[in-house]
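Everything on this sheet refers to the single structure shown next.
Residue numbers run from 1 in the order of the sequence given. The analysis underlying the following values was restricted to heavy atoms, covering all of them including side chains, and did not include hydrogens, waters or symmetry mates.
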Amino acid sequence: MAVKEFPAGTQLIQSEQNLTGLHVIARGSVCATYPGGTFYLQKGDVIGICEIFFGSYFISYRTEEPTAISSYACTAAQLETLMEKSVDLANMFIISLFRQFREIYDQYAMASFDCDNFHHYLMETYETYKSFCTKHGFTARVLPDLENVTELTLEEDLESWLDGYYTQLQTSITQKSAKFYSMDFLTGLVMKTNQDIQRIISISRVFHEYKADIIHILMNENHLDLFDLYASVLYRIGPNDPDSTTLTAALSKMMIQLEGQESIDKEMYQKRIEEYREKLKHAEEHPGEESASTDDVADLTDSMNTILNYAEVNAETASSFREAVNKFAKMSDKNASDDAARKLRLVITKHFYTIYENAFLKSINDPSVPKVVKMFFNFGYVDENLAGLENAAYLYSIVDKIPSNPKRQVYTAYEWFLAIYRGEKVPSRNEFDADYLAYLREQKMNGKISAADETRMQTDRKEMVLFEMRNMFPSVNKISFGRILSFCPIFSEHNVLKDLDGTLVSADKVEESFKKIREIDFSAYYRDVTYTNPDIGIGKETIGVEVLPDIILMPNIGIRGVAWQEIEGRKRTTPARMMVSIFQMEDLTNILVRLTGDFRWEMCKRVQGARWNDISEASLTSEYFDYIQFYRKNRDLSTDAKDKIKLAMQKAKNNYKEMFIRDYEAWILYEGNGSPRLNKISRNIIFTYCPFSKEIRNRLTANPLYKETMTRYDIKQSQKIHHYDNLFQKLKNTGMTIPQELQDQRSYLEM
């Protein structure tokens with residue numbers, strides 16, 4: 001058998017490739033990787049012996065040094081014959097199989113231990129952080145994903161006897177030559193061990209994902225992490241405080257925990273560490289440095305009374321709200337989950353919206369609304385001490401120049417409510433998907449209003465805006481905040497996880513984010529409409545019209561976005577409605593990518609109607625629904641790919657739309673940049689209905705992952721362009737002017 005040489009760093013095999021042979025290492029070494037594990041193969045080891053049963057690889061292999069390999073064409077059906085031809089080869093296969101099993105099993109055991117340790121370390125470290133905050137009189141902040149972290153529980157773990165079984169089996173079999181065993185037995189041994197190895201790697205992937213989630217909480221590119229919380233305390237107390245040494249040691253320990261972890265972005269990690277060291281050096285060189293004074297902002301004094309007096313709520317509501325806010329301000333843990341804390345937040349929430357309604361209705365005809373009340377409308381601000389004086393001063397400084405712009409479809413919550421009151425926008429659908437008129441009909445049918453009331457309320461602007469405030473507003477405000485269990489609508493310093501100025505959402509930022517998305521998914525916000533022009537002989541043409549969404553900035557500090565509705569009423573050329581927090585702690589572009597995926601799914605369902613999941617009528621939703629529903633039976637998916645889908649479905653709580661959105665995020669953020677993340681079925685579906693822009697298609701044209709789908713797409717587009725060329729020639733021959741709508745459509749087809 002000929003030996004082939006490979007230089008160091010050669011990617012020999014990528015997971016999910018078809019397996020058509022076994023490869024014996026004659027010289028050198030190979031790094032084998034899978035999600036959650038890495039091990040090394042040496043001279044005499046066999047690449048593929050762990051996976052031959054499945055016909056595809058679930059491990060990736062790369063040379064570590066110049067390596068020589070002998071390859072044997074072999075499938076599962078041919079293995080017995082190949083081993084019968086050479087006892088030495090059979091011995092090599094079995095020895096390498098056991099060695100690789102042991103490597104993979106030991107890494108599984110270590111990963112299980114690591115998951116327990118990581119969870120304990122995360123919780124213990126966060127509790128220590130809260131203790132530091134209490135000791136120094138700071139408000140402890142909460143991390144967005146922390147409340148969702150629980151101890152890892154597996155649906156199905158390995159049997160406790162498996163380790164001992166294979167240890168004894170290896171000892172018994174490798175003490176003798178393969179010639180002492182029947183080939184049936186040895187073949188069965190390989191096949192059975194392959195299945196156990198695949199199970200181990202499948203569970204290791206769960207461990208890997210769990211550790212990755214915890215590592216993301218410890219450190220991430222958005223600075224919404226435990227590392228930042230500790231560093232912030234250290235910067236604030238200064239290098240001369242007795243606790244500074246303890247905090248520095250805790251941060252050093254965290255670095256040790258993170259360094260070398262497979263799932264952490266190495267470049268991001270180095271950047272964060274350098275940033276930390278620079279800030280720490282600055283704090284040491286400038287001890288006691290104070291923030292800008294807020295003493296000159298006299299209007300902030302007793303803000304809550306200013307707001308309550310302006311809203312003119314009854315004395316009982318004002319007293320109850322004031323008492324509840326004061327209790328909340330004194331809580332050491334404002335995100336506590338006990339009944340008393342939960343009920344207190346509910347009381348504040350109930351009164352908040354009542355006060356908001358009253359104050360808004362009064363402000364409509366008030367040309368001089370106090371700045372503090374504007375802060376309440378736009379930021380949920382209530383109390384200067386609860387917000388922190390520095391934060392309150394910043395809100396005061398920007399409240400008259402918030403960088404929203406209704407003309408550019410970016411509204412603050414207050415501007416949105418004004419637009420509805422003025423009749424410029426219709427109210428949003430409620431959480432039961434009923435619009436304002438449908439809601440009134442239901443109220444009349446239930447006897448809650450009369451026919452006369454229904455007629456009057458259909459055009460009553462006050463009733464319209466109250467419908468918006470009582471339906472869309474409370475739900476979206478909570479969802480966009482992101483931590484539903486600990487939601488409280490008032491501005492509190494403990495939710496400020498990053499610099500407010502850097503997280504303030506503006507019309508410019510929204511436009512820039514949508515530009516990035518549309519440079520990849522150019523057709524994201526195009527809708528098909530029918531164009532007719534009988535005067536020039538055009539009966540019916542389908543053209544695409546781009547309609548960008550309205551963005552409404554919720555008055556909170558949040559981490560999520562909400563795609564509330566895809567159109568207004570039934571007209572498909574109306575803007576979608578999307579909501580994000582006015583202070584967005586997460587990356588805005590990533591949030592809008594997610595909302596765009598949500599929009600694509602819901603818009604397809606709107607167009608397809610009741611047949612949205614009927615595979616006989618091809619569409620994005622029907623094809624994706626069919627793919628997920630029957631992925632276990634799909635022969636085009638490898639075992640590894642099916643395992644990934646199973647794990648992803650668990651994370652998505654078996655929600656098909658959520659699965660699509662996650663794949664769409666990978667499509668825009670990774671695949672659009674040439675970094676494959678999806679399996680071939682998902683990739684083909686999304687490429688068909690969410691094609692890349694021409695520039696990206698040209699860049700990927702040589703990539704075999706996209707070649708087949710891209711060829712089909714190009715043929716389809718060429719046929720459509722040819723149709724318009726013929727139509728344009730016909731119009732020119734008859735002396736007709738080509739309508740701009742059709743010229744735009746031809747340009748769109750070439751994008």
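- Looking at I197 and L97, their side chains come closer than 4.5 Å, going by heavy atoms from C-beta outward.
- Looking only at distances, a side-chain donor or acceptor of E51 sits under 3.5 Å from a matching main-chain atom of F58.
- For E5 and R27, the salt-bridge test passes: some basic side-chain N is under 4.0 Å from an acidic carboxylate O.
- Taking the ring centre of Y670 as origin, the terminal cationic atom of R677 falls inside the region bounded by 6.0 Å and 45° from the ring axis.
- Minimum heavy-atom separation, I559 to I591: O-CD1, 3.3 Å.
- Taking 4.0 Å as the cut-off between side-chain N and carboxylate O, D225 and R272 count as a salt-bridged pair.
- Aromatic ring orientation, Y748 versus Y526: parallel (interplanar angle below 30°, classes split at 30° and 60°).
- Between Y181 and L189, every side-chain heavy-atom pair lies at or beyond the 4.5 Å cut-off.
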(request) For K271 and E267, run salt bridge (Lys or Arg N to Asp or Glu O under 4.0 Å): C-alpha distance rounded to whole Å, both residues' side-chain angles, the deciding distance at 0.1 Å, then the answer. (result) CA-CA 6 Å; K271 184 178 177 182; E267 186 177 337; over 6 Å; no
(request) Please report the C-alpha distance between R600 and S523 in whole Å, then the side-chain angles of each, then the deciding distance to 0.1 Å, and finally whether the side-chain hydrogen bond (donor to acceptor under 3.5 Å, both in side chains) criterion is met. (result) CA-CA 10 Å; R600 272 204 170 276; S523 63; 2.8 Å; yes
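- The residues R199 and E159 are annotated as salt-bridged, a charged nitrogen and a carboxylate oxygen being separated by less than 4.0 angstrom.
- Electrostatic pairing of K192 and D196 counts as a salt bridge here, judged by a charged N lying under 4.0 Å from a carboxylate O.
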(request) In sequence, state the C-alpha distance, the side-chain angles, and the governing distance for Y105 and Y108, and then conclude on ring-ring contact (aromatic ring centres under 6.0 Å, His included). (result) CA-CA 5 Å; Y105 186 90; Y108 149 84; 5.4 Å; yes
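- Relative ring orientation between F660 and Y664 is described as tilted, the plane-to-plane angle lying within the 30° to 60° band.
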(request) Could you go through the salt bridge (Lys or Arg N to Asp or Glu O under 4.0 Å) check for E546 and R518 one step at a time? (result) CA-CA 11 Å; E546 188 174 41; R518 290 152 63 218; 2.9 Å; yes
(request) Dump the intermediate steps for side-chain contact (heavy atoms from CB on, under 4.5 Å) on L749 and K720, then the final yes or no. (result) CA-CA 8 Å; L749 293 172; K720 292 179 180 179; 3.8 Å; yes
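- Between R712 and E708 there is a salt bridge, with a side-chain nitrogen of the basic residue lying less than 4.0 Å from a carboxylate oxygen of the acidic one.
- Contact of the P144 side chain with the M585 side chain is not registered, since no non-hydrogen atoms from C-beta on lie closer than 4.5 Å.
- Between Y631 and K646, some side-chain heavy-atom pair lies under the 4.5 Å cut-off.
- Side chain of T621 to backbone of N613: no donor-acceptor contact under 3.5 angstrom is found.
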(request) Go through R632 and D643 one step at a time and tell me if the salt bridge (Lys or Arg N to Asp or Glu O under 4.0 Å) criterion holds. (result) CA-CA 9 Å; R632 291 182 182 86; D643 281 342; over 6 Å; no
(request) In sequence, state the C-alpha distance, the side-chain angles, and the governing distance for E221 and H216, and then conclude on side-chain hydrogen bond (donor to acceptor under 3.5 Å, both in side chains). (result) CA-CA 9 Å; E221 61 184 7; H216 183 80; over 6 Å; no
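- Salt-bridge check for K605 with D614: failed, with every basic side-chain N at 4.0 Å or more from each acidic carboxylate O.
- Between F93 and the choices L186, L79, I52, the side-chain contact (heavy atoms from CB on, under 4.5 Å) rule is met once, by L79.
- The shortest distance between side-chain heavy atoms of Y210 and H119 falls below 4.5 Å.
- A salt bridge is defined here as a Lys NZ or Arg NE, NH1 or NH2 lying under 4.0 Å from an Asp or Glu carboxylate O, and K651 with E658 fails to meet this definition.
- Closest of all the heavy-atom pairs between G37 and Q107 is CA-OE1, 3.0 Å.
- When N684, N679, D636 are each tested for a side chain to side chain donor-acceptor pair (under 3.5 Å) with Y627, only one passes: N679.
- Among all heavy-atom pairs drawn from S638 and S56, the shortest one is CB-OG, 3.2 Å.
- Ion pairing of R205 with E209 is absent here, as no side-chain N (NZ or NE/NH1/NH2) approaches a carboxylate O to less than 4.0 Å.
- With hydrogens and angles disregarded, a donor-acceptor distance shorter than 3.5 Å links the side chain of Q17 to the backbone of Q14.
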(request) Let me see the working for K211 and D114 under side-chain contact (heavy atoms from CB on, under 4.5 Å), right down to the final yes or no. (result) CA-CA 8 Å; K211 282 175 62 179; D114 280 350; 3.4 Å; yes
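- A 4.5 Å side-chain heavy-atom check between T33 and R62 finds every atom pair outside the cut-off.
- For I715, the side chain to side chain contact (heavy atoms under 4.5 Å, CB included) partners at least two apart in sequence or on another chain are T711, Q719.
- A donor-acceptor contact under 3.5 angstrom links the side chains of E623 and Y689, judged on distance only.
- Nearest heavy atom pair, residue A666 against residue L678, reads CB-CD2, 3.8 Å.
- Checking each of R683, K680, E671 against L705 for a side-chain contact (heavy atoms from CB on, under 4.5 Å) leaves exactly one that passes, namely R683.
- Ion pairing of K644 with E16 is present here, as a side-chain N (NZ or NE/NH1/NH2) and a carboxylate O approach within less than 4.0 Å.
- Nearest heavy-atom pair, G28 versus E65, reported as atom, atom and distance to 0.1 Å: C-OE2, 3.7 Å.
- Under 4.0 Å is where a charged nitrogen must lie from a carboxylate oxygen, and between R102 and D163 at least one such pair does.
- Between Y276 and F227, the ring centre distance stays below 6.0 Å.
- Without hydrogens or angle criteria, Q257 side chain to K253 main chain gives no donor-acceptor distance under 3.5 Å.
- M123 places a side-chain heavy atom less than 4.5 Å from the side chain of V149.
- A donor-acceptor pair is defined here as one N or O able to donate and one able to accept, closer than 3.5 Å; no such pair exists between the side chain of W667 and the backbone of D521.
- A 4.5 Å side-chain heavy-atom check between H23 and L12 finds every atom pair outside the cut-off.
- A distance of 6.0 Å or more separates the ring centres of Y656 and W601.
- Panel note: side chain T596, backbone L592; a donor-acceptor pair is recorded below 3.5 Å.
- The two residues G672 and I520 come nearest to each other via the heavy atoms CA-CG2, 4.2 Å.
- Between the side chain of T63 and the backbone N or O of T10 there is at least one donor-acceptor pair closer than 3.5 Å.
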(request) Under the side-chain contact (heavy atoms from CB on, under 4.5 Å) rule, what do I59 and I201 come out as? Steps first, then yes or no, please. (result) CA-CA 9 Å; I59 301 172; I201 288 181; 3.9 Å; yes
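- Side-chain atoms of S202 never come within 3.5 Å of backbone atoms of Q198 as a donor-acceptor pair (strictly under, hydrogens ignored).
- A donor-acceptor pair is defined here as one N or O able to donate and one able to accept, closer than 3.5 Å; such a pair exists between the side chain of N194 and the backbone of V190.
- The aromatic rings of Y706 and F687 lie tilted to each other, with the angle between the two planes from 30° to 60°.
- Distance alone, capped at 3.5 Å, is enough to place a donor-acceptor pair between the T187 side chain and the M183 backbone.
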(request) Start with the C-alpha distance between F692 and F522, add both sets of side-chain angles, then the distance that settles ring-ring contact (aromatic ring centres under 6.0 Å, His included), and finish with yes or no. (result) CA-CA 7 Å; F692 288 137; F522 70 93; 9.8 Å; no
